Every structure is written in structure tokens, then in C-alpha cells.
**Student:** 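Dumping the structure here so I can ask a few things about it.
Heads up: numbering here begins at 1 and tracks the sequence. Ligands are counted one by one from 1 in listed order, and the atoms in each one are counted from 1 as well. Being a predicted model, the structure only gives us computed values, none of them experimental. All values below were derived from every heavy atom in this structure, side-chain atoms included, with hydrogens, water molecules and symmetry-related copies excluded.
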Amino acid sequence: MRKLSFKINISNNKKIYSFLDKYQNISIFPDGEFFFIDIFLLEEKDFFSEIKNLEKELIPYKSTIISDLDLAPIYNLNHRSVKSELFSISRVINKRSKKKKYNLFISQNKSFGTGCHESTFLLIKHIELLVKKRFFFQALDLGTGTGILAFILRKLTNAKIIASDIDIFSKDCFFKNLKKNNLNNIFFQVSNGFKNKNFKRKKFDLIVSNMLLNFQKEMAKSFFLNLENNGILLISGILKNQENEIIIKFSKYKFRLKKKTYMNNWASLIFIKKVFE
Ligand SMILES: C[S@@+](CC[C@H](N)C(=O)[O-])C[C@H]1O[C@@H](n2cnc3c(N)ncnc32)[C@H](O)[C@@H]1O
């Protein structure tokens with residue numbers, strides 16, 4: 001599998017929508033005036049033809065194809081820390097906040113998830129809210145990136161936790177962060193969605209997923225199959241104006257909307273799976 005990483009100016013949103021239609025496994029993250037885009041190509045042979053196509057498409061838009069290594073320092077420029085109700089999350093090791101119950105140190109390397117992005121922050125808020133209301137026993141963080149949400153779940157629950165990502169770089173980043181935070185007891189699984197055989201017949205009572213609209217829609221059936229009845233599904237990574245698409249699609253799979261929260265243009269939704277026998 002190869003990851004093709006590049007950036008594109010935020011004003012080219014038509015081009016970005018065309019990528020969303022074309023590629024199944026894609027991550028797009030806004031940062032300043034750029035979108036940072038990762039396309040995952042599962043077949044090695046696709047890589048060289050795609051890179052040619054992308055060069056054709058991107059050069060007129062004055063974007064550059066940059067390597068994974070080039071991407072890391074750009075992400076790392078922003079050293080902000082993030083504070084939620086219970087957590088202080090910093091990229092600088094040992095930068096502690098005495099005011100917060102928990103401190104996390106997250107380095108990003110080439111993976112996504114420091115908590116600064118609205119989509120992650122909304123999920124952190126939702127997790128903090130939910131753990132006050134109920135216990136969870138089997139949790140999945142699908143598309144874990146740096147591992148941030150799995151670590152939050154580890155601090156706040158006694159659940160068995162699986163953190164999963166398609167990106168092999170995420171595995172490396174996840175374990176570094178796990179160690180940095182003296183955490184253990186989280187199982188990491190490299191997987192494209194739920195395709196890994198270890199997910200077959202595996203049921204969770206909590207799934208958190210911070211990914212873009214198309215991926216979330218594609219996952220609707222798998223979320224249904226892998227979530228217990230009355231289980232909770234937390235969705236993020238979608239825009240406010242996309243929430244109805246998600247709600248309509250997910251209602252076909254017995255998901256009822258419990259709560260939605262917004263930050264800037266981003267939306268995060270809490271669903272409960274309700275099947276009446
Ligand atoms: C927006 S990031 C979320 C990171 C972190 N969970 C957070 O909330 O900040 C999305 C993550 O999903 C991963 N991803 C993209 N396509 C995937 C797929 N088909 N299966 C599993 N993970 C995928 C990316 O590698 C990336 O780490």
C-alpha cells in the first residue's frame with residue numbers, strides 16, 4: 001500500500017470534491033490556507049499511474065506533490081495545546097496543566113490527531129459527555145491516527161479498546177504516543193475499514209469514527225453489523241451541511257440520532273443503534 005500525500009489550496013474545493021468521488025480511501029484535512037490530502041492506494045501498481053494523473057491535475061492549480069517526510073514538519077509547526085473539560089493535550093512532552101485531571105502528550109509525525117482540529121475536539125467532548133452516562137465494555141476507534149481518541153477512552157473507561165487505521169505510519173505513531181503517555185492495554189489493528197478478518201463477528205458497544213462523509217456513508221452497514229443493539233456510534237469529520245445525508249443513510253441501518261454538536265463548519269453526531277425484536 002502506498003500513501004500519496006500532497007496539499008491543495010483551500011479555494012480549489014471543486015477539485016477536492018472530485019477526489020472524494022474518485023478515491024475510496026482518502027483523508028483530507030484543512031490547515032490554514034491548504035487542504036492536506038492523503039490518498040491510500042492499495043495496489044502498488046496503481047501508484048505510478050495515479051501520480052502521473054495527479055501531476056496533470058494539480059500543477060495547473062499551483063499545488064505541489066510533497067513526500068510524507070516533507071509533510072511532517074508542516075504539521076508540526078503548530079504547537080498549540082488543547083484543553084477540554086478533563087484533558088490538556090499537548091504536543092510538547094511534559095507540558096502539564098495542573099488545572100486538568102488528565103494530561104496527554106501527542107506527537108503527530110505523519111498521522112492526524114492532536115485534538116486541535118474541530119472534528120477531533122468535538123469527539124473528545126462527546127466522549128467526555130457519554131462516559132458520565134454509561135459504561136462501555138468494547139470500544140473501537142476507527143481511523144485512530146495518532147491514537148488520541150483511543151487514549152482518551154483508555155483514561156476514561158475500563159473498556160477493551162481496539163484502535164485501528166489503514167495507515168501503517170499510524171501504527172508507529174500510535175505506539176510511540178502510547179509509550180509517551182505510559183498507557184497500555186489498547187490493541188492496534190491495521191485495517192481498511194472493517195475488512196480485516198479480526199473484525200468479522202466482532203461486536204462493540206462504542207465505535208468512534210472521525211472520517212470524511214463518503215467513508216462514513218460507506219461504513220454504515222459495517223457500523224450496523226459491528227455494533228451491539230443499544231450501542232453508541234460517534235461520527236465526526238463531516239461538515240454541518242452534510243449531516244442530513246448521514247442521518248438519512250444511517251436511519252436505514254437503525255441508527256437514531258441522539259445529539260449533534262457543531263464547531264465552526266464541522267459537525268459531530270451521536271447515534272444509538274435501536275433494533276426492536
Ligand atoms: C481524520 S483522521 C482521524 C484521526 C483521529 N482519530 C482523530 O480523531 O483526530 C482519519 C484517520 O483515518 C485513517 N483512514 C483513512 N481511510 C481509512 C480506512 N479506509 N480505514 C481505516 N482508517 C482509515 C487515516 O489514516 C487517518 O489516520
**Student:** Closer than 4.0 Å to some heavy atom of D167 - which atoms of ligand 1 meet that?
**Tutor:** 25 (O)
**Student:** Could you tell me whether a side-chain N or O of D165 sits under 3.5 Å from a main-chain N or O of D167, the two making a donor and an acceptor?
**Tutor:** yes
**Student:** Evaluate I207 against F223 for side-chain contact (heavy atoms from CB on, under 4.5 Å), listing each step before the verdict.
**Tutor:** CA-CA 8 Å; I207 298 179; F223 287 143; 3.8 Å; yes
**Student:** Distance under 4.0 Å to a non-hydrogen atom of T120: what atoms of ligand 1 satisfy this?
**Tutor:** 7 (C), 8 (O), 9 (O)
**Student:** Within ligand 1, which atoms have a heavy atom of G145 less than 4.0 Å away?
**Tutor:** 27 (O)
**Student:** Decide, yes or no, whether a salt bridge links K132 with E85 under the criterion of side-chain N to carboxylate O below 4.0 Å.
**Tutor:** yes
**Student:** Less than 4.0 Å between a side-chain N and a carboxylate O, is that true for K273 and E228?
**Tutor:** no
**Student:** Hey, does S164 come in under 3.5 Å of ligand 1, counting only N/O atoms on both sides?
**Tutor:** no
**Student:** For a quick test of your reading: what N or O donor-acceptor pairs under 3.5 Å do the side chains of residues 147-160 make, sequence neighbours left out?
**Tutor:**
from: R154; atom 1: NH1; to: A159; atom 2: O; distance (Å): 3.1
from: R154; atom 1: NH1; to: N185; atom 2: O; distance (Å): 2.9
from: R154; atom 1: NH2; to: T157; atom 2: O; distance (Å): 3.1
from: R154; atom 1: NH2; to: A159; atom 2: O; distance (Å): 2.6
from: T157; atom 1: OG1; to: L153; atom 2: O; distance (Å): 2.9
from: T157; atom 1: OG1; to: A159; atom 2: N; distance (Å): 3.2

**Student:** For F215, state whether at least one heavy atom is located under 4.0 Å from any atom of ligand 1.
**Tutor:** yes
**Student:** If you measure from each non-hydrogen atom of S191 to ligand 1, which part falls under 4.0 Å: side chain, backbone, both or neither?
**Tutor:** backbone
**Student:** Just how far is it from atom CG of L86 to atom OH of Y102, taken to the nearest 0.5 Å?
**Tutor:** 6.5 Å
**Student:** Taking atom 27 (O) of ligand 1 as the point of reference, which of D165, I152, T144 owns the nearest heavy atom?
**Tutor:** D165
**Student:** If you take the nearest heavy atom of each of S119, A150, G143, which one is closest to atom 12 (O) of ligand 1?
**Tutor:** G143
**Student:** Report, in ascending order of atom number, the atoms of ligand 1 lying under 4.0 Å from any heavy atom of L149.
**Tutor:** 6 (N), 8 (O)
**Student:** Among M211, H117, Q189, which residue places a heavy atom closest to atom 14 (N) of ligand 1?
**Tutor:** M211
**Student:** Does G193 come within less than 4.0 Å of ligand 1, judged by its heavy atoms?
**Tutor:** yes
**Student:** Any chance you could lay out the side-chain contact (heavy atoms from CB on, under 4.5 Å) test for R96 and F105, step after step, and finish with the verdict?
**Tutor:** CA-CA 9 Å; R96 290 179 179 278; F105 310 107; 4.0 Å; yes
**Student:** Can you list, by chain and residue number, the hydrophobic cluster partners of F137 when the side-chain cut-off is 4.5 Å?
**Tutor:** F135
**Student:** How does I166 reach ligand 1, if at all, at less than 4.0 Å between non-hydrogen atoms: by side chain, backbone, both, or neither?
**Tutor:** both
